[in-house]
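Note sheet for the following structure.
All chains are named by letter (A, B, ...) in the order of the sequence lines, taking the proteins before the strands, and each is independently numbered beginning at 1.
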Protein chains: 2
Amino acid sequence: MPLDLTPSQALGLWHAVTLQQVHEDGRDLTLRQLAILLEIYLVPPPHTVRGLAAKLGVTKPVITRALDTMGEQGLVTRMRDDRDRRNVIIKRTVDGALYLERLGDLIIARGRAQNP
Amino acid sequence: MPLDLTPSQALGLWHAVTLQQVHEDGRDLTLRQLAILLEIYLVPPPHTVRGLAAKLGVTKPVITRALDTMGEQGLVTRMRDDRDRRNVIIKRTVDGALYLERLGDLIIARGRAQNP
DNA sequence: CATTTTCGTTACGATACCGTATCGTTTCCC
DNA sequence: GGGAAACGATACGGTATCGTAACGAAAATG
């Protein structure tokens, strides 16, 4: 079931969602932070700082900082790995799942409203 | 032609596009900046600072700053309105159109690859 | 005209992110 | 065991954004 859309639909969808995101989302996540969040919640665990850095093509401090910020907001949690205590395992939270669920709903709603 | 997608497709699409955006886009636009850019290019002119601020629900300095940054990158231009010289008219540029065209292509490509 | 309103910009101090380099801890390897 | 390597966090100086407030120019008001 390929997801085929026209250039007009594609940009229109991005426009509508981005607009509403700016309007209503008090969190104001960076593009990088959002990418990290989506990676954590959509890709099977385990997730580590190093792994996320490699996947996104950024340095480790970027991941650490983003996890700090999103951790304060309750979107993710960190736990040391007991098997290899150098590693840190990034874990999902209820609030994070809720946040992305709302984002998904927003995309769907805007997609539906896009070409009625 | 409604654009119907499942929650999985919606977030998956956002994930894929955001990821590639982080990977390849050297511009690193803010969510607000992207929203402004899309508004300028997808909504019929004229565009003013005040109008954009109202549409996005942000203050005017936010718009001015974003236009400064994106202006340096050649994504938009500003011109004083000769009919009412208090106003500033925001104009599109070739580079800006090209940038959004590439974004559209990226979304389409990722949408197609999403559920092959 | 003088005053008020409108519009965009600038000033200001605060906050957050950036990239590079370094650190402390833990594990690996000889 | 002892040194090298891996992992995540921290330090640092630099830059960009934030929100609030004030500013100058231009137009509308009466």
Side-chain angles (χ1 to χ4, degrees), chain A residues 18-19 21-40 45-92, chain B residues 18-19 21-40 45-92:
Chain A
T18 303
L19 214 60
Q21 192 88 324
V22 167
H23 223 233
E24 307 191 343
D25 189 2
R27 272 181 232 265
D28 200 29
L29 294 187
T30 300
L31 188 69
R32 289 176 164 185
Q33 292 171 342
L34 180 58
I36 294 172
L37 200 62
L38 284 164
E39 181 74 20
I40 294 171
H47 298 286
T48 65
V49 172
R50 184 187 97 270
L52 291 173
K55 183 67 172 288
L56 298 210
V58 299
T59 59
K60 288 186 294 176
V62 168
I63 305 294
T64 296
R65 276 189 296 254
L67 293 179
D68 287 345
T69 301
M70 294 192 293
E72 289 175 3
Q73 302 187 12
L75 296 177
V76 294
T77 316
R78 277 179 281 193
M79 286 187 53
R80 273 235 113 81
D81 183 359
D82 277 329
R83 306 198 188 283
D84 184 340
R85 299 189 49 76
R86 288 174 302 182
N87 291 343
V88 162
I89 306 295
I90 291 96
K91 299 226 158 192
R92 303 167 184 171
Chain B
T18 303
L19 214 60
Q21 191 89 321
V22 167
H23 234 139
E24 307 189 344
D25 189 2
R27 271 180 231 267
D28 199 29
L29 294 187
T30 300
L31 188 69
R32 288 176 165 186
Q33 291 171 342
L34 180 59
I36 293 172
L37 200 63
L38 284 164
E39 181 74 18
I40 293 171
H47 297 286
T48 65
V49 172
R50 177 175 166 63
L52 291 173
K55 183 66 173 287
L56 299 210
V58 299
T59 60
K60 289 186 293 176
V62 168
I63 305 295
T64 296
R65 276 188 297 253
L67 293 178
D68 286 345
T69 301
M70 294 192 293
E72 289 175 5
Q73 302 187 13
L75 296 177
V76 296
T77 316
R78 276 181 280 193
M79 287 186 53
R80 272 236 114 81
D81 183 359
D82 277 329
R83 307 199 188 283
D84 184 340
R85 298 189 51 76
R86 288 173 301 182
N87 291 343
V88 162
I89 306 295
I90 291 97
K91 299 226 159 194
R92 304 167 183 170

Inset, instruction - Report yes if at least one side-chain N or O of Arg86(B) is closer than 4.0 Å to OP1 or OP2 of dG8(C); otherwise report no. - result: no
Between CG of Asp68(B) and P of dA11(C) the distance, given in whole Å, is 12 Å
Can you tell me if the side-chain N/O atoms of Arg32(B) get under 4.0 Å from OP1 or OP2 in dG19(D)?
-> yes
- Task: Without swapping roles, check the side chain of Arg78(A) against the backbone of Lys91(A) for a donor-acceptor pair under 3.5 Å.
- Result: no
Separation of dC17(C) atom P from Ile36(A) atom CD1, nearest Å, is 10 Å
By nearest-heavy-atom nucleotide on DNA chain C, the more 5' of Thr59(A) and Thr30(A) is Thr30(A)
Taking for Arg85(A) and for Pro61(A) the nucleotide of DNA chain C with the nearest heavy atom, the one nearer the 5' end belongs to Pro61(A)
Ile89(A) CD1 to dA9(D) P, in whole Å, measures 11 Å
TODO: Look at Thr64(B) and dT9(C) and indicate whether a side-chain polar atom (N or O) is within less than 4.0 Å of OP1 or OP2.
DONE: yes
Subject >> Side chain Thr48(A), main chain Gly51(A), donor-acceptor under 3.5 Å >> reply: yes
In whole angstroms, the gap separating C1' of dA28(D) from CZ of Arg83(B) amounts to 18 Å
| Can you find a side chain N or O atom of Thr48(A) that sits less than 4.0 Å from OP1 or OP2 on dC7(D)? | no
Quick note, Val88(B) side chain, CB onward, closest among dT27(C), dG8(C), dG19(C) is dG8(C)
Here the distance between atom C1' of dG24(C) and atom CG of Asn87(A), to the nearest Å, is 15 Å
Taking for Asp28(A) and for Asp82(B) the nucleotide of DNA chain D with the nearest heavy atom, the one nearer the 5' end belongs to Asp28(A)
Please determine whether a side-chain nitrogen or oxygen atom of Arg78(A) lies at a distance below 4.0 Å from atom OP1 or OP2 of dA9(D).
yes
Could you check whether atom CZ of Arg50(B) has more than 12 heavy atoms from other residues, nucleotides or ligands sitting under 6.0 Å from it?
no
- Short question: side chain of Arg32(B), backbone of Val22(A) - any donor-acceptor pair under 3.5 Å? no
Taken to the nearest whole Å, CZ/Arg27(A) to C1'/dC18(D) is 19 Å
Here the distance between atom P of dT6(C) and atom CZ of Arg80(B), to the nearest Å, is 17 Å
*asked:* If you compare every side-chain N and O of Arg65(A) against the phosphate oxygens of dC17(C) (OP1, OP2), does one of them come in below 4.0 Å?
replied: no
(message) With a 4.0 Å cutoff (strictly under), does any side-chain N or O of Thr69(B) reach OP1 or OP2 of dT17(D)?
(response) yes
Separation of dA27(D) atom C1' from Asp81(B) atom CG, nearest Å, is 12 Å
Would you indicate what Gln33(B) reaches in the nucleic acid, counting non-hydrogen atoms under 4.0 angstrom: base, sugar-phosphate, or nothing?
sugar-phosphate
- Query: Donor-acceptor pair, His47(A) side chain versus Ile90(A) backbone, under 3.5 Å?
  - Reply: no
